[in-house]
Amino acid sequence: DDGLAAYGRYVKLSSSTPTAGIRQSTPPSGDNVLEIENLNLRYEQGAYVYQDFSLTLAAGQRHIVATPSGTGKTTLLSLVAEAYSSDNTFDPELVQGSIRYSGSMAVISQHPRFDASTGAEQLAQDAPLASAAMISELANRLSLTALLERNISEYSPGELRRLEVMRALLRIHTDTECRLLLADEPT
């Protein structure tokens, strides 16, 4: 099962009507950056992928979801990211529970999406506070220096992945509100 199949299943969770919002307007308690409470998730008429799933992440804490391929890890991360960044509408027959987060987040996905022409333009758009020195250092470490001025459509899958990692690292290091990193298949 690959990430595209997982994304396809995730898209079916989104709904225009009827809708249920799982993102809560109240922030998590204390130093927590993410609280998932009683999440129930299933695909169409199938069995639950997650049932009464709860997770609390405090600032500085790490958590790894390690399960066999095809068991909903990508869907879970997509759900958290989309609840943060989208209109927060999901089919209530498929998704219930609540998600609270503090600040903003950076995401490393299996299949990154970019909307700028070049890598440099994308980084300027997504990490506008990043200094030229920081961009240069990370580009060098990730072997992207020669690619940043090229059109993103010319990047190989590995180069796209490295650009996604660079974008997330720049966000974490330059956005004081960025307190959470979601990484799907980070190795």
Please give me the minimum heavy-atom distance between [X] and [Y], naming the atom from each residue.
X	Y	result
L147	R150	CD2-NH1, 2.6 Å
T56	N32	CG2-ND2, 3.2 Å
L77	A183	CD1-O, 3.6 Å
A168	L181	CB-CD1, 3.9 Å
L160	P112	O-CG, 3.8 Å
I152	G119	CG1-N, 3.6 Å

Transitive ILVMFWY side-chain link L39 to L180, under 4.5 Å: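 Yes; L180 is reachable from L39 via cluster members.
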
Path from I172 to M105 over hydrophobic side-chain contacts below 4.5 Å: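 Hydrophobic grouping puts I172 apart from M105.
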
Contact list for residues 174-186, test side chain to side chain donor-acceptor pair (under 3.5 Å), sequence neighbours left out: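 Applying side chain to side chain donor-acceptor pair (under 3.5 Å) to every pair that reaches into residues 174-186, excluding sequence neighbours, yields T74-D184, S102-R179, S104-D175, Q110-D184, R171-D175.
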
Separation of L148 CG from S136 OG (nearest 0.5 Å):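 Rounded to the nearest 0.5 Å, the OG-CG separation comes to 9.0 Å.
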
Point-to-point distance, once rounded to the nearest 0.5 Å, from OG of S117 to CD of E149: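 Between S117 OG and E149 CD, I get 11.5 Å after rounding to 0.5 Å.
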
Backbone of [Y] reached by a side-chain donor or acceptor of [X] within 3.5 Å:
X	Y	value
R161	S156	no
K73	V65	no
R42	L94	no
Y155	T118	no

Contacts of D115 that satisfy side-chain hydrogen bond (donor to acceptor under 3.5 Å, both in side chains) - sequence neighbours left out: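 Residues passing side-chain hydrogen bond (donor to acceptor under 3.5 Å, both in side chains) with D115: Q122, Q125.
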
Student check: side-chain heavy atoms of Y48 and L41 closer than 4.5 Å: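 They are not in contact (no side-chain heavy atoms under 4.5 Å apart), so the answer is no.
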
Side chain to side chain, F53 and N40, heavy atoms closer than 4.5 Å: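 Not in contact.
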
Check against side chain to side chain contact (heavy atoms under 4.5 Å, CB included), S54 and N38: CA-CA 5 Å; S54 294; N38 303 315; 3.8 Å; yes

Apart from I64 itself, residues in the same hydrophobic cluster as defined by side-chain heavy atoms under 4.5 Å: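 Cluster partners of I64: none, it stands alone.
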
Counterpart residues, side chain to side chain contact (heavy atoms under 4.5 Å, CB included), relative to L138 (two or more places apart):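 Once residues adjacent in sequence are excluded, the partners of L138 under the side chain to side chain contact (heavy atoms under 4.5 Å, CB included) criterion are M134, M166, L169, L170.
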
Side chain to side chain contact (heavy atoms under 4.5 Å, CB included) assessment of V80 paired with I99: CA-CA 7 Å; V80 172; I99 297 175; 4.1 Å; yes

Which residues share a ring-ring contact (aromatic ring centres under 6.0 Å, His included) with F114, sequence neighbours left out: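 For F114, no residue satisfies ring-ring contact (aromatic ring centres under 6.0 Å, His included) once neighbours in sequence are set aside.
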
Residues E164 and R113 bridged, charged N to O under 4.0 Å: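 Salt bridge: no.
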
E93 atom CD: more than 12 heavy-atom contacts under 6.0 Å: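 No, not enclosed.
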
CG/D31: more than 12 non-hydrogen atoms of other groups inside 6.0 Å: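 Open.
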
Pairwise salt bridge (Lys or Arg N to Asp or Glu O under 4.0 Å) hits with a residue in residues 118-130, at least two apart: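 The answer is D126-R167.
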
Step-by-step side chain to side chain contact (heavy atoms under 4.5 Å, CB included) determination, L163 to L123: CA-CA 8 Å; L163 183 63; L123 296 174; 4.0 Å; yes

CA sep, side-chain torsions, deciding dist, call: Y101, V33, side chain to side chain contact (heavy atoms under 4.5 Å, CB included): CA-CA 5 Å; Y101 53 85; V33 295; over 6 Å; no

side-chain hydrogen bond (donor to acceptor under 3.5 Å, both in side chains) between N140 and E137, intermediate numbers included: CA-CA 5 Å; N140 185 48; E137 179 183 344; over 6 Å; no

Any side-chain donor near an acceptor of the partner, T75 and Y43, under 3.5 Å: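 T75 vs Y43: donor-acceptor pair found between side chains.
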
